[in-house]
Amino acid sequence: MFSVEVLCAGSNADLLIKQALEFLPNAVVIADESKYQQVQDALCSSDIKVFAGEKSMVDLMTMDSIDMVLASIVGFAGLRPTLRAIECGKPIALANKETMVVAGAIVTDTAIRNHVPILPVDSEHSAIFQSLIGEVSPIDKILLTASGGPFRGMNLKQLATVTLEQALMHPNWNMGRKVTIDSASLMNKGLEVIEAKWLFGVEANDIEVVVHPQSVVHSMVQFRDGSIKAQLGVPTMETPIQFAFSFPERIESYLPRLDFSNYSTLTFEKPDRTTFRCLDLAYYAIARGGNMPCVMNAANEVAVQRFIDGKIGFLEIADYVERAMQTALFIPNPTLDDLFETDKIIRCK
Ligand code: MN3
């Protein structure tokens, strides 16, 4: 039903080679140019073309044989290739939320100009998208669910000593390291509020975060008559990825079905915004607008990496991001170049 035309990877050559041999794409790209030879050697007996570097990734978006691009590069690095794909008229299945956070205005504008649909892959946004299908009236609000992550219920004293290993133990979702740590700090939910604002054209104040530890209700929409629609399912990324590919159709999946007898209680609570400060930083960033979400995102990417490297503690992630937001040069109407410059400056600090 689907075939892979191009596979891209950052620096994980082994996984790229394994997937290339399994799915036999026309071409592969490894962003890390030092890994080019390794990939080339491993695939030399196949017809698969091998490219290296970010520029090749951007260039290949023009290929006529590509019908859709799954944008799943982590972080700011995803912005340029995603924008290029949109300019080439390729529908986007968007997993890279940072692209929307940093440059939501530019990305949505470019998509509208090129008549390119952006289909959400982030599970919450897929749920919101599914809840909105067939609706024609303005909505009341979005109820964006959050699992609360591994540190839900902890106080500041407990959080002061948590380790990287603990932060990486997400209770429900199996995801990459960056997003798992963002989930633990609630920054992930902050990024998702901004992502939802741009994807669905709603104000951030009309997006309410609801902590739902079981991750069964993947998000909801409340309409002006008070009705609420939700999308539910087992917590797996495979469902939203498949729906972005198959939309507007639904195709058979062999994934496990949600069995309500395994979930005798579904609970909902308010997020602890005083302890997990990243959520409010994100609301502030989007209210301020301009390059502020870009500043926040870059500082968060740096802070998460420093936490992974053992250089700062978990609570210092929010401190680091807040300081960057207080001291950065504010640009009210940034161009794309301004955003690249902002990102670079924050990372060099
Ligand atoms: Mn999500």
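Atoms within each ligand, like the ligands themselves, are counted from 1 in listed order.
Remark: K55 engages D59 in a salt bridge, criterion side-chain N to carboxylate O under 4.0 Å. Ion pair D182/K178 flagged as a salt bridge, since at least one NZ, NE, NH1 or NH2 atom sits closer than 4.0 Å to an Asp/Glu carboxylate oxygen.
For the pair R152 and F276, the cation-pi test (distance below 6.0 Å, angle within 45°) is failed.
Taking the six-membered ring wherever Trp is involved, the centroid distance between the rings of F51 and Y36 does not fall below 6.0 Å.
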Derivation of the side-chain hydrogen bond (donor to acceptor under 3.5 Å, both in side chains) call for S246 and E249: CA-CA 5 Å; S246 72; E249 282 176 55; over 6 Å; no
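By the 30° and 60° cut-offs, the orientation of the rings of F340 relative to F76 is perpendicular.
Around the Mn ion (ligand 1), the protein contributes the following N, O or S atoms at distances under 2.8 Å: D122 OD1, E124 OE1, E192 OE2.
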